[in-house]
Every structure is written in C-alpha cells, then in structure tokens.
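Heavy atoms only: backbone and side chains are in, while hydrogens, waters and symmetry mates are out. Counting starts at 1 for both ligands and their atoms, following the listed order.
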Amino acid sequence: MSKSLQAIRGMNDILPEQTPLWRYFEGTVARLLDNYGYKQIRMPIVEFTELFKRSIGEVTDIVEKEMYTFEDRNGDSLTLRPEGTAACVRAVLEHGITGGGQVQKLWYIGPMFRHERPQKGRYRQFHQIGLEVFNLDGPDIDAELIIMTWRLWGELGIRDAVKLELNSLGTSESRGRYREALVEYLSAHHDKLDEDSQRRLKTNPLRVLDTKNAETQAVLVDAPKMAEYLDEESRAHFEGLKSRLDAVGIPYVLNTKLVRGLDYYSKTVFEWVTDKLGAQGTVCAGGRYDGLVEQMGGKPTTGVGFAMGIERLVLMLETLEQIPEEISRQVDVYLCAFGEEAELAGLALAERVRDQLPNLRLQVNAGAGSFKSQFKKADKSGALYALILGDDEMAQQVVGFKPLRGQGEQQSIAWDALAAHLATCVVQG
Ligand code: ATP
Ligand code: MG
C-alpha cells in the first residue's frame, strides 16, 4: 500500500477483535467511577497552544518536544491535547462550575497525542481515562483516588502485578526551599551530570531527580531529600494520606525521586507501576495541583487528579491473561432460515424476541446460503445456540433450537414460547 494510505506511525487502529477487551476495561472503570460519585466531562481534543504552555510548563518534555501543534486557517496556533488536565481546568473555569468553592469530581476518557518514539506501551495517539477533583484540599480525597484505583486493580485481577509509589512535593514554599538546596548540591557536582540534567538544572531542577542516566543517579544518592524540606502543612497532609492507606491496607513504597513530568504538581504525587510491561511501566499517575487553577487565571482552587493509560492496562490484562471469558462471546443466538418464506418469518420472529429480551444478542443470518454454510456461520459467530427455520419448522410454526457448545439435542420450540425459552437458557449481559 502506498505510504499516504497508511495510518500515521504510533497511531493505531483498534480492531474488532480488540474492542471487546477495551469496552470491558472502559465499562469497568466507568461503573466504578459512577459508584464513587464522579461525573463525566467531555472536552474538545484541540485547544489553543497557549493553554498547554501555561499549564504544563514551557520547559517540560511535553511542551518542548512532544506536542502536535499547527496553525489553523485563521492563523491561530492550536495543539492536539497531550493530556486532559489543562483542558478540564479550562472548561471548569470557562463555565464557572468550581466558583465559590463548589466541589467537582470529574472524569474523562479519550485520545491524547504526544510525538514520542513509538514502542510497546508508548504511542503517539494513546488513550487515557483521567479524573480531576476540585475544591477538596484534604488528604482524604487523595486517599479516595488511590483507594478507587486499588479497587479497580482488584476487579481487573491485576492487583498483585502493580505497586504504588508515593511522594510529596510539598507546598510551593517548601518546594522552593528544596529546589534551592538541590541546585546548590547539583551545581557542586555539575561535571558529573549528563547533558540533559545540566540543562534541567537551570530550567527545571526537580526533573533531574527523574534521570535515567546512571552517573547522574549516582550523584543523586547523596543529594538532599524532599522529605526533609516539607513544611508542617505538607508533612501533615502526607501523613494523613499514609494513615488512610494503612487503614484500608494498601501497600506503598515511598520514592523521593518521584517528581512527575508536568510542572503543576504540589504535595501528593503517585504512580502505579508494574514490571510486566518492560520499560513502559507506569499504568496510572497523578497528584495534587493546588496552584494550577490560579496559575491559569482562576480564583485559588485546589485540585487533585490522575490519568491511566488504557493501552498499557489493556496490555496488562492480555499479558496476565485476565480476560473474562464472556467478553469474547458477542453473539448469544444465531438464526438460520432457509428459503424466502422462512427468511421473512425469521425476521418477524427475531423482532418479537428482541421486543421481549432487549439484552439478548441475537444475530440473524444475512446473505442466505445453504444449510451447511449458514450453520458454519452460526458456529463461527461464537453463538451458544442456533435457531433453525426450514420447511418442516414453517409447517408446524416452530423453530429448531440447537445447542452449539456442549451437549443437548435439538428441540422444537413453538414460536410463541421462544422468548420465554431463551430467557431460561441464555444469561444476558
Ligand atoms: P511516561 O513516564 O511513561 O512517559 P508520563 O509521566 O509522561 O508517562 P502522564 O502524562 O502522567 O505520563 O500520563 C498518565 C498515563 O498515561 C501514564 O502513566 C501512561 O500510562 C499513559 N501514557 C503516557 N504517555 C503515553 C504514551 N505515549 N503512550 C501510551 N500511554 C501513555
Ligand atoms: Mg512521558
């Protein structure tokens, strides 16, 4: 195929054989979020470039080198959203729904775009489910976010394969004091730092903690620790979070190097990581951003949120073989009809059954065909039962009911009794 007719590198089609697992995952998360009282919000996938520069930070990897930015026909600079928080904050401010201290517990789902090097678990269009809470400033809500994800891992059967890493970046005052101490220490070891870290030391020194370079990591062993610079408020908040996680029995490890790639975090930051996906090990990440709304022009409004990467979590379900059997079956019953008269009767019968059993997944054969070919299609569809309408059945106003998986003889069921019979033998999703 010529190049222009291929998908863009790092942007994937999600094929019909994959969508059941995606829908299972998304449905599970959506139900959980409903149950905890979160409401969905939907934002555009394109925003003014300025929004991301202001919120994410000019010297972050995302803004410096990963954004899909273009000029539209009016000459405005627009960007495909690389993450959801900025747009969510923009939306709540624009509609005034966090004004006067109103609490908002919001979630969103959709594609995000970053020009990164595509590899397993890292794509240029990827999908997130994210969540943001406004105007709740205590550690109790930070804990709720983590407890909720812990429950999700349990429901998905992947809890044993993920680990929670926690850190506190403190208030902006304590972070400021820490930054000074860190810069002083790192400046004294300037020559041993890798090039990226030397640059970051000037622009965004906390990001040096995040380095993958072994020599720089060695320098960091004796660097000042954020934990020692937390002020009383940050310390109490962090203790409050930890005691709640302890109360619920959620294990965590403290990682003083966890700083996250976005500029806006304060106090709590966390990541759920796994060793099952190779290098792309973070499946869910987030934290508190108490200064962001004000920085974006709103009244002081606290915030906390996270985002999880759907591709990585779907990969986890596949890798750990945690795919519920029932999601791969998409047809319960397959109706085969032979001859024109049977086909018409079959259509009417199928509609009556659908009236009575709205959740039944009933597929009617299309494209006619011989007994053999229709039966083959019924079997291939994965259906549990085939319904058969031929000359004999038409004459007696019955339908042949044949189990396709496992034992059981074919029976004849009267048309009027069909829906009631199906209700007893098909568990409807
Ligand atoms: P990473 O360290 O893996 O680059 P990040 O810190 O840039 O992740 P966030 O911006 O916090 O990621 O996004 C939250 C989640 O979205 C990540 O934990 C990950 O699961 C997912 N994610 C981020 N970037 C990508 C990507 N390019 N492809 C697939 N998933 C991604
Ligand atoms: Mg990244």
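Thr211 places no side-chain N or O within donor-acceptor distance of the main-chain N or O of Val208, the cut-off being under 3.5 Å. Under a 3.5 Å cut-off, the side chain of Arg175 and the backbone N or O of Gly170 do form a donor-acceptor pair.
A salt bridge is absent between Asp34 and Arg31; no separation between the charged side-chain nitrogens and carboxylate oxygens falls under 4.0 Å.
Listed by atom number, the atoms of ligand 1 under 4.0 Å from Arg260 heavy atoms are 6 (O), 9 (P), 11 (O). Within ligand 1, the atoms closer than 4.0 Å to a non-hydrogen atom of Gln128 are 13 (O), 14 (C), 15 (C), 16 (O), numbered from 1 in the order shown. The atoms of ligand 1 that sit less than 4.0 Å from any heavy atom of Thr282 are 17 (C), 18 (O), 19 (C), 20 (O). Under a 4.0 Å criterion applied to the non-hydrogen atoms of Gly121, ligand 1 contributes the atoms 28 (N), 29 (C), 30 (N).
Between Tyr385 and Phe401, the ring planes are parallel. Angles under 30° get that label, and only those over 60° would be called perpendicular. Using cut-offs of 30° and 60° on the angle between ring planes, the pair Phe270 and Phe306 is perpendicular.
Of the candidates Arg114, Glu271, Glu83, the one placing a heavy atom closest to atom 12 (O) of ligand 1 is Arg114.
At a cut-off of 3.5 Å, with distance as the only test, no side-chain donor of Tyr123 or Glu116 sits close to an acceptor on the other residue.
The proximity of Ile62 to ligand 1, defined as any non-hydrogen pair under 4.0 Å, does not occur for either the backbone or the side chain.
At least one heavy atom of Arg122 sits closer than 4.0 Å to an atom of ligand 1.
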